[in-house]
A.B. asks: 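Before anything else, here's the structure in question.
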Amino acid sequence: MTGQHVSEEYGKYLDGYAGILADASATGRRLTREELDSRRALGEKAAEAGLGLRALVAAHMTEARANWPTGNRVSVDSVLAAAAQAMDAFAEGYERAQRHAVRQEEAARREFIDDLLYGRSDLGRLAQRAERYGLRLSYEHAVAVARGTTAYDEGDPAPREVERALISRFGDRSILLTTKDGRLVCIAPGDQDEVLAYFAKQAFAVTGGGQVAIGRPQPGAAGVVHSYEEALNALELAERLELDEPVLRAADLLVYPVLTRDRQAMADLVHSALGPLRQARGGAQPLLDTLTAYFDSGCVSAEAARRLSLSVRAFTYRLERIHKLTGADPSDPVHRYTLQTAVIGARLLDWPGESF
């Protein structure tokens, strides 16, 4: 735009504007519904064309100066009032189109994330869509998942705060931060473990002490799904085994899927090694808790007793009772391995609460 003329690029979005000013200002009337609708429609088209609103407002002002209505009944106030109504309707249409575009973009991003994490799309098309969000699925990626005390959506303060921290620290490193099923999810290149470690730190802070699980790096689109599932499984294991570490790595927990791969074999072990504890007064649970505390404390009786708020003597009595009922001595290295594996199995299978 130069001088008092509006360029052709902007002029088509001011169609009829000069006539509306002349007609409305002559009587001081408000713009009709049809006139306002025409301004809204042009505003929507201008937004869809990608033109800036500030430049469009300037074009309206230039057009008003170039075509200022004249006549005995025309006042400055009436012209400005008509111009204000016209530009307000134009801006309303412009903003409506922008909101629609944002919603469409959010829907497309959400659809992509769902397809990526569940592997529900053609791999070739998925890889093309991924590049739009900075991911190259031909490389390895790892996924971290954080949960807190509440569910999170992408527009919530917590994920926005984590995203700002990541961008401030690492810039654009092909990182995708999103939410899924109320959890924070971060997808990063598999060779940039520092990104996921920093995500875990930030997520732990904003979730008020939540828990973060990190899957192993895996190649390709299917690898993202695999790493995501590993992270979810790690969080589930942590809940079932009452693991309270703030950051869990799937690579450190591989023994547990191995132990549960043959559920029937694990159930047989639990029944054989720990079943006799049901005969104890008060049932099996107090003695199972005794074994859990003993193994979790590195087989140090004093520490295990402290965790259970027992005297060392009372705790030692419980160990002796376990030895008598099961025939296995928790302090014996050979017996200890069987008992500890059975205790892990009991926690995974929710025994003695579940019968099998």
Side-chain angles (χ1 to χ4, degrees), residues 113-114 117-118 142-153 156 158-159 162 177-187 196-197 199-216 218 224-267 269-271 273-274 277 283-298 304 307-309 339-356:
I113 289 168
D114 289 344
L117 296 180
Y118 290 141
V143 183
V145 180
R147 66 179 173 195
T149 56
T150 186
Y152 300 99
D153 290 323
D156 291 344
V162 174
L177 183 68
T178 184
T179 60
K180 184 64 180 171
D181 298 329
R183 306 180 187 93
L184 305 182
V185 178
C186 182
I187 304 171
L196 295 181
F199 164 79
K201 179 180 179 181
Q202 296 300 314
F204 180 79
V206 302
T207 58
Q211 200 167 37
V212 185
I214 302 175
R216 291 177 297 166
Q218 305 284 353
V224 174
V225 179
H226 191 180
S227 185
Y228 173 64
E229 290 178 345
E230 283 189 338
L232 290 181
N233 290 337
L235 288 175
E236 182 183 356
L237 275 171
E239 185 173 3
R240 292 165 67 183
L241 296 177
E242 299 179 356
L243 304 177
D244 57 2
E245 289 86 349
V247 180
L248 305 161
R249 291 186 176 271
D252 298 333
L253 301 174
L254 292 177
V255 65
Y256 297 107
V258 171
L259 291 175
T260 57
R261 192 160 295 160
D262 189 337
R263 181 183 175 88
Q264 187 56 53
M266 178 57 72
L269 173 63
V270 172
H271 179 75
L274 302 178
L277 298 183
Q285 191 62 57
L287 297 182
L288 181 62
D289 293 341
T290 299
L291 287 172
T292 299
Y294 184 62
F295 295 133
D296 287 350
S297 62
R307 294 188 182 192
L308 295 176
S309 300
L339 285 173
Q340 187 166 9
T341 305
V343 167
I344 293 172
R347 293 162 77 177
L348 290 172
L349 300 177
D350 194 25
W351 185 90
E354 292 289 332
S355 59
F356 43 76

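One-based numbering along the sequence shown.
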A.B. asks: Taking atom OH of Tyr256 and atom CG of Leu348, what is their separation to the nearest 0.5 Å?
C.D. replies: 8.0 Å
A.B. asks: Can you measure from CG (Leu274) to CG (Leu287) and round to the nearest 0.5 angstrom?
C.D. replies: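 Interatomic distance, Leu274 CG to Leu287 CG, rounded to 0.5 Å: 10.0 Å.
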A.B. asks: Heavy-atom distance under 4.5 Å between the side chains of Leu339 and Phe295, does that happen here?
C.D. replies: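 Contact flag for Leu339/Phe295 side chains = yes.
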A.B. asks: Is it the case that the side chains of Asn233 and Glu229 hold a donor-acceptor pair, with the cut-off being a distance below 3.5 Å and no angle test?
C.D. replies: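 No, Asn233 and Glu229 have no side-chain donor paired with an acceptor closer than 3.5 Å.
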A.B. asks: Could you tell me which non-hydrogen atom of Ala142 sits nearest to which non-hydrogen atom of Leu196, and how far apart they are?
C.D. replies: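 Looking at all heavy atoms of both residues, the shortest contact is CB-CD1, 3.5 Å.
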A.B. asks: Nearest 0.5 Å please: distance from the CD atom of Gln202 over to the CG atom of Leu177.
C.D. replies: 11.0 Å
A.B. asks: Can you find a heavy atom in the side chain of Thr207 that is under 4.5 Å from one in the side chain of Thr149?
C.D. replies: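 With C-beta onward as the side chain, the pair stays apart.
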A.B. asks: With sequence neighbours left out, what residues match Thr150 under side chain to side chain contact (heavy atoms under 4.5 Å, CB included)?
C.D. replies: Tyr152
A.B. asks: Which pair of non-hydrogen atoms, one from Ala146 and one from Ala203, has the smallest distance, and what is that distance?
C.D. replies: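 Looking at all heavy atoms of both residues, the shortest contact is CB-CB, 3.6 Å.
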A.B. asks: For a 4.5 angstrom cut-off between non-hydrogen side-chain atoms, does Leu243 reach Leu253?
C.D. replies: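 With C-beta onward as the side chain, the pair touches.
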A.B. asks: How close do Leu308 and Asp289 get, heavy atom to heavy atom, and via which atoms?
C.D. replies: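 So the two residues come closest at CD1-O, 4.1 Å.
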A.B. asks: Using atom types as modelled and distance alone, determine if a side-chain donor or acceptor of Thr178 lies under 3.5 Å from a backbone N or O of Val185.
C.D. replies: no
A.B. asks: With a 4.5 Å heavy-atom cut-off, do Thr179 and Ile113 have their side chains touching?
C.D. replies: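 Counting from C-beta outward, Thr179 and Ile113 never come under 4.5 Å.
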A.B. asks: Within the 4.5 Å heavy-atom criterion, are Lys180 and Tyr118 side-chain neighbours or not?
C.D. replies: yes
A.B. asks: Using only atom types and a distance under 3.5 Å, with no angle test, would you say the side chain of Gln218 pairs donor to acceptor with the backbone of Ser227?
C.D. replies: no
A.B. asks: Might you point out which heavy atoms bring Leu248 and Ala234 nearest each other, and give the distance in Å?
C.D. replies: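 Answer, listing the atom of Leu248 first, then Ala234: CD1-O, 3.7 Å.
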A.B. asks: Which heavy atom of Val206 sits nearest a heavy atom of Val162, and at what distance?
C.D. replies: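 Looking at all heavy atoms of both residues, the closest pair is CG2-CG2, 3.5 Å.
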A.B. asks: Working to the nearest 0.5 angstrom, can you tell me the gap between Thr290 OG1 and Arg307 CZ?
C.D. replies: 13.0 Å
A.B. asks: Would a 4.5 Å heavy-atom cut-off, applied to side chains only, mark Leu349 and Met266 as touching?
C.D. replies: yes
A.B. asks: Nearest 0.5 angstrom please: Gln211 CD to Glu245 CD, how far?
C.D. replies: 7.5 Å
A.B. asks: Which pairs with one or both residues in residues 231-240 pass salt bridge (Lys or Arg N to Asp or Glu O under 4.0 Å), sequence neighbours excluded?
C.D. replies: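 Residue pairs passing salt bridge (Lys or Arg N to Asp or Glu O under 4.0 Å), neighbours aside: Arg147-Glu239, Glu236-Arg240.
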A.B. asks: Is Tyr294 close to Val343 at the side-chain level, that is, under 4.5 Å between some pair of heavy atoms?
C.D. replies: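 A side-chain contact under 4.5 Å is absent here.
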A.B. asks: Is any side-chain heavy atom of Glu242 closer than 4.5 Å to one of Thr292?
C.D. replies: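 A side-chain contact is absent here, since even the closest heavy-atom pair is not under 4.5 Å.
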A.B. asks: What are the two closest heavy atoms between Phe199 and Val145, and how far apart are they?
C.D. replies: CE2-N, 4.5 Å
